[in-house]
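Below: one structure, written as structure tokens.
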Amino acid sequence: MAYVITQRCCNDATCVAECPVDCIRPRPDHPEFATAEMLYIDPVTCIDCGACADACPVEAIFPEDSLTASLARFRDINASYFQHHPLGSTFDSIAPTPRLPTGLDTLRVAIVGAGPAACYAADELRRRCSAEVEIFDKLPTPWGLVRAGVAPDHPGTKTVTQLFDSAFRGDSIGFHLNVGVGEHISHAELMDHHHAVLYAVGASSDRRMGVPGEDLPGSHSATEFVAWYNGHPDYADRVFDLSGPRAVIVGNGNVALDVARVLTVSPDELAGTDIADHALAALRESNIREVVLLGRRGPLQAAYTSPEFMALRHLDGVDVIIDEADLVLDPVDRAALDHPDAGPSPRLKYALAEEYSRDPAIPENKRIVFRYLTSPIEIHGGERVESLEFARNELIDRDGQRVARATDQTERVETGLVLRSIGYRGVAVADLPFDEALGVVPNEHGRVIGADGCPIEGVYVSGWIKRGPRGVIGSNRVDSAETVEHLVADFVAGRLTAPTGDRAALTALVNERQPDVVDRAGWKAIDLAERSAGTATGRPRVKFTDHADLLAAARTAMVRS
């Protein structure tokens with residue numbers, strides 16, 4: 001019997017280091033890891049020890065004889081990977097993280113942001129050396145997109161926060177939540193109190209379509225919608241028109257699939273999750289029966305991952321609709337798919353699409369409709385969205401890539417709700433250089449690069465603001481380790497200026513500037529209150545979605561102390 005990695009894999013890669021026979025791929029030191037959909041276990045080499053399952057932070061690994069019907073196919077998916085990437089008999093282990101030489105001062109680092117990239121960086125610093133790390137975030141709660149971005153019907157993915165909770169129990173990691181860097185404390189002041197400042201602020205904006213009518217009422221970004229149903233306090237008051245029978249999502253990445261599921265699954269299924277109460281109430285009144293996803297390129301280039309695409313098959317009361325005509329490949333794509341080196345991912349994507357196209361539709365079911373080779377050209381309406389017009393695309397080769405080019409064929413679909421899901425985008429960080437074209441802070445392996453082309457002393461980045469909005473939660477682990485490696489090297493080499501202010505002075509300054517700062521105890525009070533409310537209703541938690549309620553819950557920790 002072998003163990004099997006399944007859909008909720010986050011690419012954290014902790015399992016890779018724990019495997020005694022090195023049978024999990026791709027490894028973090030392999031170029032393919034950066035773009036891998038998930039990790040895979042070789043069923044031939046696996047010795048059934050279970051070390052990987054114990055190490056997995058999101059409970060994605062199961063013995064093959066314990067797979068449920070919805071996960072059974074992952075047995076073949078794991079095996080298929082090694083048919084195209086045979087496992088060598090190296091049995092190399094990943095080298096342990098080196099620690100700093102003894103005799104050095106305590107390394108003090110401020111991390112701006114509290115999402116996965118920030119937390120992985122803090123954990124790496126904690127494990128490597130004697131370090132004091134202060135985590136700052138503008139929200140009263142940590143965990144970033146794990147809390148506010150992961151779909152509520154994917155609770156296993158959110159368990160990665162348990163890893164951070166466990167790692168941050170000691171005093172070496174400090175929380176300064178509900179504190180805006182640039183508002184309550186400046187970059188220069190952070191530098192005064194630390195050897196280094198590491199920005200892990202993600203990509204908080206989104207790309208726009210740039211078509212007429214995009215700003216009509218009823219047209220929104222998927223970013224807003226996701227934040228709304230996940231209870232982000234800055235988006236709790238948003239209103240989305242769910243009164244019509246159809247919604248259109250522009251884009252077909254994993255976020256688009258998340259939104260499509262939330263709009264179509266039974267609200268009774270969502271009632272047992274941590275979805276925001278206001279969103280659940282709105283979805284119970286929703287009239288949406290069909291969600292159309294518009295993808296710019298073909299089924300081989302679709303942005304969704306195979307595991308997320310496959311999971312749609314197991315939605316109760318929801319049909320996945322794909323027109324067989326949309327799956328006709330041009331000679332270039334057909335040759336690429338049939339090539340021996342095509343690999344399992346594009347073949348699985350295409351096979352799944354073919355299966356969906358053959359499935360009979362059930363009239364009373366809701367529908368998720370995939371349309372490939374389409375680009376929006378205008379949103380029509382008077383006072384609000386009434387329809388969306390799109391062009392049919394064709395694929396051409398440009399600079400070695402298959403890109404979409406609009407034709408003169410157009411179609412129009414009636415809808416009252418348009419959600420664009422065409423990618424996140426980073427925003428400029430105060431006092432740091434910014435690449436407007438790429439939406440990232442210019443850097444070399446995490447060291448921020450100034451206008452003169454040289455590293456700026458003591459300033460680093462990690463996560464999406466470093467590399468752009470790509471990869472899954474666990475991708476940030478390797479990314480953050482790279483940044484920390486260079487930060488630590490600069491510290492050991494004496495290239496970082498010692499801080500003039502100590503930890504106590506920093507805490508006093510933050511409390512003076514922001515009396516409503518939420519520290520670790522405050523967050524624990526919020527967490528406990530949300531979980532307690534969830535226990536009473538059979539849910540993981542009931543989120544506070546208002547700033548005032550979050551701060552009131554945090555203050556209970558102060559009262560107890």
Side-chain angles (χ1 to χ4, degrees), residues 99-115 118-119 121-143 164-201 429-431 456-460 462 484 487-488 490-492 494-527 550-551 553-561:
R99 293 184 62 85
L100 291 184
T102 59
L104 292 173
D105 292 336
T106 297
L107 173 61
R108 302 205 65 241
V109 180
I111 298 180
V112 183
C119 293
D123 186 45
E124 183 74 8
L125 285 163
R126 178 191 65 82
R127 292 189 298 109
R128 287 196 58 136
C129 61
S130 174
E132 292 178 352
V133 179
E134 314 294 340
I135 296 178
F136 293 81
D137 199 277
K138 62 182 179 181
L139 288 178
T141 57
W143 316 143
F164 303 137
D165 260 333
S166 176
F168 297 168
R169 286 176 181 169
D171 293 336
S172 62
I173 310 290
F175 281 127
H176 306 274
L177 308 175
N178 202 40
V179 175
V181 174
E183 177 185 359
H184 300 111
I185 191 168
S186 69
H187 170 76
E189 288 168 330
L190 288 180
M191 292 298 299
D192 288 343
H193 291 83
H194 303 88
H195 292 91
V197 180
L198 190 158
Y199 286 85
V201 294
V429 178
D431 301 318
I456 300 176
E457 180 190 330
V459 187
Y460 304 83
S462 184
V484 169
L487 189 161
V488 167
D490 291 342
F491 176 62
V492 172
R495 291 191 287 265
L496 303 181
T497 302
T500 56
D502 60 16
R503 204 172 198 185
L506 174 70
T507 300
L509 176 63
V510 171
N511 288 336
E512 176 187 351
R513 299 278 183 78
Q514 171 55 306
D516 288 327
V517 58
V518 175
D519 59 12
R520 185 207 311 273
W523 157 240
K524 287 298 183 186
I526 294 171
D527 185 46
L550 285 162
L551 294 180
R555 291 191 191 102
T556 63
M558 297 175 60
V559 172
R560 287 198 299 268
S561 63

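Distance check: L198 CG to L190 CG gives 11.5 Å after rounding to the nearest 0.5 Å. Taking CZ of R555 as the start and CG of L550 as the end, the distance is 10.5 Å to the nearest 0.5 Å. In this structure, CD on Q514 lies 11.5 Å from CD1 on I185, to the nearest 0.5 angstrom. Expressed to the nearest 0.5 Å, how far CD1 of I135 lies from CG of L177 amounts to 8.0 Å. I456 CD1 to D431 CG: the interatomic distance, rounded to the nearest 0.5 Å, is 10.0 Å. Of the inter-residue distances, the one linking H193 atom NE2 with E132 atom CD reads 12.5 Å to the nearest 0.5 angstrom.
Classification of the H176-F136 ring pair by plane angle, with boundaries at 30° and 60°, yields parallel.
The shortest non-hydrogen separation linking V133 to A122 is CG1-CB, 4.1 Å. Between W523 and D165, the shortest heavy-atom distance links the atoms NE1-OD1, 4.3 Å. For the residue pair A554 and I526, the shortest heavy atom distance occurs at N-CG1, 3.8 Å. Shown here for A196 and L496, the closest heavy-atom pair between the two residues is CB-CD1, 4.3 Å. Smallest separation of non-hydrogen atoms from R128 and V484: CD-CG1, 4.0 Å. Residues C119 and A114 share a closest heavy-atom pair of SG-O, 3.6 Å.
Residues meeting the ring-ring contact (aromatic ring centres under 6.0 Å, His included) test with F164, sequence neighbours left out: Y120, W143. Every residue two or more places apart in sequence or in another chain that forms a ring-ring contact (aromatic ring centres under 6.0 Å, His included) with H187 is listed here: Y199.
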### Task
Please test R513 against V179 for side chain to side chain contact (heavy atoms under 4.5 Å, CB included), starting from the C-alpha separation and ending with a verdict.
CA-CA 9 Å; R513 299 278 183 78; V179 175; over 6 Å; no

### Task
Please assess V181 against E189 for the test side chain to side chain contact (heavy atoms under 4.5 Å, CB included), listing each intermediate value before the final yes or no.
CA-CA 10 Å; V181 174; E189 288 168 330; over 6 Å; no

### Message
The test is side chain to side chain contact (heavy atoms under 4.5 Å, CB included); show your working for F175 and V517 and say whether it passes.
### Response
CA-CA 9 Å; F175 281 127; V517 58; over 6 Å; no

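Looking only at distances, no side-chain donor or acceptor of D137 sits under 3.5 Å from a matching main-chain atom of P142.
Here the side chains of L487 and L107 are in contact, with some heavy-atom distance below 4.5 Å. In this structure the side chain of R108 reaches within 4.5 angstrom of the side chain of L506, judged on heavy atoms.
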Would you be so kind as to tabulate the donor-acceptor pairs closer than 3.5 Å made by side chains of residues 497-505, with sequence neighbours excluded?
from: T497; atom 1: OG1; to: E457; atom 2: OE2; distance (Å): 2.5
from: T500; atom 1: OG1; to: D192; atom 2: O; distance (Å): 3.3
from: D502; atom 1: OD1; to: A504; atom 2: N; distance (Å): 3.3
from: D502; atom 1: OD1; to: A505; atom 2: N; distance (Å): 2.8
from: R503; atom 1: NE; to: E134; atom 2: OE2; distance (Å): 2.4
from: R503; atom 1: NH1; to: D171; atom 2: O; distance (Å): 2.9
from: R503; atom 1: NH2; to: E134; atom 2: OE2; distance (Å): 3.3
from: R503; atom 1: NH2; to: D171; atom 2: O; distance (Å): 2.9
from: R503; atom 1: NH2; to: S172; atom 2: O; distance (Å): 3.3

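A salt bridge does not link D527 with R520: every distance from a Lys NZ or Arg NE/NH1/NH2 to an Asp or Glu carboxylate oxygen is 4.0 Å or more.
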